Trainee: 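Got a structure for you, written out below as structure tokens; questions coming shortly.
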Amino acid sequence: MTDQAPAQYAGPQRVLSGVQPSGALHLGNYLGALVKFARLQHEIDTFIFVADMHAITVWQDPALLANQTREIAAAYLAAGLDPAKATIFPQSAVPEHAELAWVFNCVARLGWLDKMTQFKEKSGKHKERSSVGLYTYPVLQAADILIYKSTHVPVGEDQKQHLELARNIAQKFNHDFDAPGYFPLPEPLIQGPGARIMSLRDGLAKMSKSDPSDLSRINLTDDADAIAAKVRKAKSDPNPLPETVDELKDRPEADNLVGIYAALSGVTKEAVLADFGGQGFGAFKPALADLAVASLGPVSEAMRRYLADPAEIDRILAAGAHKARDAAAPTVAEVKKMVGFWGA
Ligand code: TYM
């Protein structure tokens, strides 16, 4: 222990994020995550993976899982990720994630995990029947991030608490092993109107893969008719759109639809209201439907194209896994030494 303030991480910047292959992707995943990944790859060294080890914290059919992984990879490519720029790989192909996660399991405190709201939501009333993996899930997530010494993590707002845990683990590891600044304290990149897309049926519930109503979400694989119908049937309210964002405060459905429009067109909610303030949903919904179809149509079309050639996807994933292992191995070797393992 020293009295000095901990040194800051001084290594290069790196972006890392991932998506679970546990169901069809929806507009929330696209705007909260995929669009940001594609943008960031031009600015910072970027690692994007398919979180298949996280997916099996709840039951996944073994006959389907590898294909679900290819589907997420296809969505990454369709959203504009370029394997020449970003390292794209399946998590399970880099076993070092699990190795570091074990060490982190011994760094993280039960009290920290007990606070995780996503575990409470996902385990529901029957916590004792959940897998142990579901409970330690955020520790594996910290290992995903820190194994590459990632400094920036683009995610939707629902991942904020997991990112705080990753920072706490990094800080405690650096402290316990007397290695100030060894791991960076990763910054979540959450800002923007796409960070929290809500259900089309309930402006207070998150758009989610697990919502039983398919009308609640726009799937990346929906065709133009389905998208238009879902926007038309989206819950709204009888009032015209306001002129200012402040006035959206007690109108969750209106706020959500304006937010979706803003995120899809890459502008602020203020800018959307400058165009549509004073107009009713009879005018706004068709404009939103047209925008959603024009934005997502090419993405689902590209996804279908990539999925028609699974061998090419596998080639990209294998090459990405190779690069990721090369980047992960030195961290695990150093950590083993710091912990004092035999032979390290
Ligand atoms: P997952 O697979 O649940 O979701 C993938 C990404 O989509 C974002 N997202 C949303 N964004 C806006 N509005 C919504 N309604 C919405 N729903 C989902 C999520 O925030 C996420 O960014 N634990 C992660 C996967 C993961 C990970 C990591 C992420 C594992 N290891 C390391 C970052 C870094 C998850 O379950 O995402």
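Everything numeric in this text was worked out from a predicted model, so none of it was measured. One-based numbering, in listed order, for ligands and for the atoms of each.
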Trainee: With backbone taken as N, CA, C and O and side chain as the heavy atoms from C-beta onward, which portion of Tyr30 lies under 4.0 Å from ligand 1: side chain, backbone, both, or neither?
Mentor: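 For Tyr30, no heavy atom sits under 4.0 Å from ligand 1.
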Trainee: Taking distance alone, with no angle check, do Gln141 and ligand 1 share an N/O pair under 3.5 Å?
Mentor: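 N/O-N/O distance below 3.5 Å exists for this pair.
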Trainee: Run the side-chain hydrogen bond (donor to acceptor under 3.5 Å, both in side chains) check on Gln141 and Gln159 step by step: do they pass?
Mentor: CA-CA 10 Å; Gln141 183 160 347; Gln159 296 299 315; 3.2 Å; yes
Trainee: Strictly below 4.0 Å, N to O, side chains only: are Glu334 and Lys149 in salt-bridge contact?
Mentor: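 Between Lys149 and Glu334 there is a salt bridge, with a charged N closer than 4.0 Å to a carboxylate O.
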Trainee: For Tyr137 and Gln20, what are the C-alpha separation, side-chain angles and deciding distance, and is it a side-chain hydrogen bond (donor to acceptor under 3.5 Å, both in side chains)?
Mentor: CA-CA 12 Å; Tyr137 174 121; Gln20 295 189 73; 2.8 Å; yes
Trainee: Atoms of ligand 1 less than 4.0 Å from Gly32 heavy atoms?
Mentor: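 Here the atoms of ligand 1 in question are 11 (N), 12 (C).
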Trainee: Can you tell me if Pro138 contacts ligand 1 (heavy atom of the residue under 4.0 Å from the ligand)?
Mentor: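 No heavy atom of Pro138 comes that close to ligand 1.
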Trainee: Should you measure from each heavy atom of Gly194, which atoms of ligand 1 turn up under 4.0 Å away?
Mentor: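 Once the distances to Gly194 are compared, the set is 12 (C).
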Trainee: Are any of the N/O atoms in Ala51 less than 3.5 Å from those in ligand 1?
Mentor: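 N/O-N/O distance below 3.5 Å does not exist for this pair.
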Trainee: Are any of the N or O atoms of Gln159 closer than 3.5 Å to those of ligand 1?
Mentor: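 Yes: some nitrogen or oxygen of Gln159 is under 3.5 Å from one in ligand 1.
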Trainee: For ligand 1, which atoms sit closer than 4.0 Å to a heavy atom of Ala195?
Mentor: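 Result: 11 (N), 12 (C), 13 (N).
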Trainee: What part of Asp144, side chain from CB on, backbone N/CA/C/O, both or neither, has a heavy atom under 4.0 Å from ligand 1?
Mentor: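 It is the side chain that gets close, since no backbone atom is under 4.0 Å.
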Trainee: For atom NZ of Lys233, is the number of surrounding heavy atoms from other residues, nucleotides or ligands below 6.0 Å larger than 12?
Mentor: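 Result for NZ/Lys233: open.
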Trainee: With nothing but distance in play, are any N or O atoms of Tyr137 less than 3.5 Å from an N or O of ligand 1?
Mentor: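 N/O-N/O distance under 3.5 Å: yes.
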Trainee: Which option, Val50, Val153, Asp158, Val155, owns the non-hydrogen atom nearest atom 20 (O) of ligand 1?
Mentor: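 Considering heavy atoms of Val50, Val153, Asp158, Val155, the nearest to atom 20 (O) of ligand 1 sits in Asp158.
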Trainee: For atom 3 (O) of ligand 1, what's the nearest protein heavy-atom neighbour? Residue, atom name and distance, please.
Mentor: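 The answer is Gln20 NE2, 4.0 Å.
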Trainee: Could you verify whether a donor N or O on one side chain and an acceptor N or O on the other, from His175 and Tyr182, lie under 3.5 Å apart?
Mentor: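 No pair is found: no donor N or O on one side chain lies under 3.5 Å from an acceptor on the other.
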Trainee: Looking only at heavy atoms of Gln91, does any of them come nearer than 4.0 Å to an atom of ligand 1?
Mentor: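 It does not; every heavy atom stays at 4.0 Å or beyond.
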Trainee: Looking only at protein heavy atoms, identify the closest one to atom 7 (O) of ligand 1 and say how far it is in Å.
Mentor: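 For atom 7 (O) of ligand 1, the nearest protein heavy atom comes out as Asn29 ND2, 3.1 Å.
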Trainee: Run down the list Gly18, Gly28, Ala205 and name the one with the heavy atom closest to atom 10 (C) of ligand 1.
Mentor: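 Heavy atom nearest to atom 10 (C) of ligand 1 belongs to Gly28.
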Trainee: Can you tell me which residue and heavy atom of the protein come closest to atom 33 (C) of ligand 1, and the distance to 0.1 Å?
Mentor: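 Among all protein heavy atoms, the one nearest atom 33 (C) of ligand 1 is Ser17 OG, 3.4 Å.
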Trainee: So, regarding Lys206 and ligand 1 (criterion: nitrogen or oxygen to nitrogen or oxygen, under 3.5 Å), is there a contact or not?
Mentor: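 In this structure, Lys206 places no N or O atom under 3.5 Å from an N or O of ligand 1.
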Trainee: Search all heavy atoms of Phe89 against all heavy atoms of Ala321 and return the closest pair with its distance.
Mentor: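 In terms of heavy atoms, the two residues are closest at CB-N, 3.5 Å.
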Trainee: Can you pull out the closest protein heavy atom to atom 15 (N) of ligand 1? Residue, atom name and distance to 0.1 Å, please.
Mentor: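 Here the closest protein heavy atom is Ile197 O, 2.7 Å.
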Trainee: Show the nearest heavy-atom pair for residues Ala75 and Leu34, with the distance to one decimal.
Mentor: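 It is O-CD2, 3.7 Å.
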Trainee: With heavy atoms under 4.0 Å as the rule, classify the contact between Leu31 and ligand 1 as side chain, backbone, both or neither.
Mentor: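 Neither; nothing of Leu31 gets under 4.0 Å from ligand 1.
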Trainee: Between Asp222 and Lys230, does any side-chain N to carboxylate O distance fall below 4.0 Å?
Mentor: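 Yes.
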Trainee: Any idea which part of Met207 is under 4.0 Å from ligand 1, heavy-atom wise: side chain, backbone, both or neither?
Mentor: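 The answer is both.
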Trainee: Ignoring hydrogens and geometry beyond distance, is a side-chain donor-acceptor pair present between Asp144 and Gln91 at under 3.5 Å?
Mentor: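 There is such a pair (donor and acceptor under 3.5 Å, judged by atom type) between the side chains of Asp144 and Gln91.
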Trainee: Between Lys269 and Asp255, is there a salt bridge with N-O shorter than 4.0 Å?
Mentor: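 Answer for the salt bridge query: yes.
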Trainee: To check your reading of the model: name the closest protein heavy atom to atom 6 (C) of ligand 1, its residue, and the distance in Å.
Mentor: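 It is Ala33 CB, 3.7 Å.
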Trainee: Could you tell me whether Arg167 and Glu164 have a side-chain N and a carboxylate O separated by less than 4.0 Å?
Mentor: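 So Arg167 does not pair with Glu164 through a salt bridge.
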Trainee: Is ligand 1 less than 4.0 angstrom away from at least one heavy atom of His26?
Mentor: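 Yes, that is the case, since the closest heavy atom of the residue is under 4.0 Å from the ligand.
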Trainee: Can you sort out which atoms of ligand 1 are near Val19, meaning under 4.0 Å from one of its heavy atoms?
Mentor: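 With Val19 as reference, the close atoms of ligand 1 come out as 2 (O), 5 (C).
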Trainee: Kindly give the heavy-atom pair with the smallest separation between Glu243 and Gly278, and that separation in Å.
Mentor: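 In this case the closest contact between Glu243 and Gly278 is OE2-N, 3.9 Å.
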Trainee: Give the numbers and elements of all ligand 1 atoms closer than 4.0 Å to a heavy atom of Leu16.
Mentor: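 Ligand 1 atoms under the 4.0 Å threshold to Leu16: 32 (C), 34 (C).
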Trainee: Please report the closest heavy-atom contact between Ser216 and Arg201, naming both atoms and the distance.
Mentor: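 That closest heavy-atom pairing would be CA-CG, 3.6 Å.
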Trainee: Less than 3.5 Å between some nitrogen or oxygen of Gly156 and one of ligand 1, yes or no?
Mentor: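 Yes: some nitrogen or oxygen of Gly156 is under 3.5 Å from one in ligand 1.
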Trainee: One pair to check against side-chain hydrogen bond (donor to acceptor under 3.5 Å, both in side chains): Gln161 and Thr117. What are the steps and the verdict?
Mentor: CA-CA 8 Å; Gln161 202 184 27; Thr117 53; 3.1 Å; yes
Trainee: Are Asp246 and Lys249 ion-paired here, with the side-chain N under 4.0 Å from a carboxylate O?
Mentor: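 Salt bridge between Asp246 and Lys249, a charged N being under 4.0 Å from a carboxylate O: no.
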Trainee: Could you tell me whether Ser208 approaches ligand 1 through its side chain, its backbone, both or neither, with non-hydrogen atoms closer than 4.0 Å?
Mentor: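 Contact part for Ser208 vs ligand 1: neither.
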